[in-house]
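What follows is a single structure, written as structure tokens, with notes after it.
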Amino acid sequence: MLEIQKYHKIIVANWKLNASTQFIKSYLSNIRFELTPRYTCLIVICPPFPFINKLSSKGFAIGGQDCSIYSQGAYTGETSTKMLKDVGCEFCVIGHSERRNLFGETDDIISQKALRCFDEDIIPILCIGENLKQRENKVTKNVLRKQIDKCVPNEANKHNMIIAYEPIWAIGTGKTPTFDEIIDIHSFISKLDKTNNFKILYGGSVNASNSKQILSLERVDGILSGGSSIDINEFNKIINL
Ligand code: PGA
């Protein structure tokens with residue numbers, strides 16, 4: 001298992017349902033990252049499953065965008081963590097709000113996915129976040145606490161799991177919480193018993209103009225980038241801190 005605690009910042013690219021052979025060819029010939037003296041930085045790219053093999057051994061880590069709760073058998077359309085490991089994945093995003101809201105994933109399913117990741121020494125990147133109504137009703141911390149209680153298995157610790165705080169209203173909207181709000185939520189999460197001192201990433205409308213500031217915030221251990229990660233010029237600016 002990758003030693004995540006040794007990295008100062010972890011930058012995850014979630015390509016979602018975007019990519020093609022041609023896209024990857026051009027992405028790989030244009031991606032530029034230099035080790036900066038300021039940070040030890042880990043880059044994780046999460047492409048759609050069919051393209052994972054095209055990205056291995058290129059200087060960054062690979063993650064799945066989802067995984068099955070099953071290990072093998074008659075489960076048409078599923079991809080197991082064993083398969084992800086076999087093709088070089090060291091991470092897997094679980095519980096993304098798009099999976100929760102569009103594909104009916106429950107906290108219980110997400111916690112089973114975390115366990116399947118642990119079976120294979122894959123580090124789950126668990127997404128949690130409140131929707132706009134919950135934010136307006138000022139119940140964000142209750143929502144996050146509940147998601148953590150239900151989705152984080154007792155076996156989880158700061159070495160084998162990462163949390164991504166992704167306010168749902170900030171995903172793909174160009175809106176972000178204030179920097180103070182991000183600091184407040186991250187320090188809240190990192191003080192909970194179940195997620196004590198875990199690496200916590202921020203996700204939701206991160207782009208080249210706000211990434212440096214977000215990454216420099218206290219208790220922000222990295223970012224999870226969607227839209228900006230599929231624009232290689234934008235992503236190059238994000239990863240060259
Ligand atoms: P965004 O998506 O960067 O496009 O807002 C983030 C995510 O959904 O992980």
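Just so it is clear, the model here is predicted, and its values are computed rather than measured. Because only heavy atoms are used, hydrogens play no part in the values below, and waters and symmetry mates are left out as well, while side chains stay in. When a ligand or atom number is given, it counts from 1 through the structure's own listing order.
- The shortest N or O to N or O distance between Ile171 and ligand 1 is not under 3.5 Å.
- Among all non-hydrogen protein atoms, the one lying nearest atom 4 (O) of ligand 1 is Gly227 N, 2.8 Å.
- A 6.0 Å sphere centred on CD of Glu155 holds more than 12 heavy atoms belonging to other residues, nucleotides or ligands.
- Looking only at side-chain heavy atoms (C-beta outward), Trp15 and Ile24 come within less than 4.5 Å of each other.
- Checked by atom type, the side-chain pair Arg135/Thr140 shows no donor-acceptor distance below 3.5 Å.
- Heavy-atom proximity to Asn14, at under 4.0 Å, picks out these atoms of ligand 1: 9 (O).
- Between Pro47 and Ile62, the closest side-chain pair of non-hydrogen atoms falls below 4.5 Å.
- Of all protein heavy atoms, the one closest to atom 3 (O) of ligand 1 is Gly226 N, 2.8 Å.
- Ligand 1 lies nowhere less than 4.0 angstrom from a heavy atom belonging to Gly203.
- Where the criterion is an N or O separation shorter than 3.5 Å, residue side chain and backbone included, Ser228 fails it with respect to ligand 1.
- Taking only nitrogen or oxygen atoms, main chain and side chain alike, Thr173 does not reach within less than 3.5 Å of ligand 1.
- Nearest protein neighbour of atom 9 (O) of ligand 1, counting heavy atoms only, is Glu166 OE2, 2.8 Å.
- For the pair Lys199 and Gln5, the minimum side-chain heavy-atom distance is below 4.5 Å.
- Considering backbone and side-chain atoms alike, Ser205 places an N or O below 3.5 Å from some N or O of ligand 1.
- For ligand 1, the polar-atom distance check against Leu224 finds no nitrogen or oxygen pair separated by under 3.5 Å.
- Polar contact check, Gly204 against ligand 1: no nitrogen or oxygen pair lies under 3.5 Å apart.
- Among Ile11, Ile163, Val12, Ile223, the one residue that satisfies the side chain to side chain contact (heavy atoms under 4.5 Å, CB included) test with Leu201 is Val12.
- Here the protein heavy atom with the shortest distance to atom 2 (O) of ligand 1 is Lys16 NZ, 3.4 Å.
- Taking 4.5 Å as the limit, some side-chain heavy atom of Ile238 sits within range of a side-chain heavy atom of Ser228.
- When each atom of ligand 1 is checked for a heavy atom of His96 under 4.0 Å away, the hits are 7 (C), 8 (O), 9 (O).
- Within a 6.0 Å radius of NZ in Lys54, other residues, nucleotides and ligands contribute 12 heavy atoms or fewer.
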Quiz prompt | Working for side chain to side chain contact (heavy atoms under 4.5 Å, CB included), residues Leu84 and Ile52 | solution = CA-CA 9 Å; Leu84 290 178; Ile52 287 174; 3.9 Å; yes
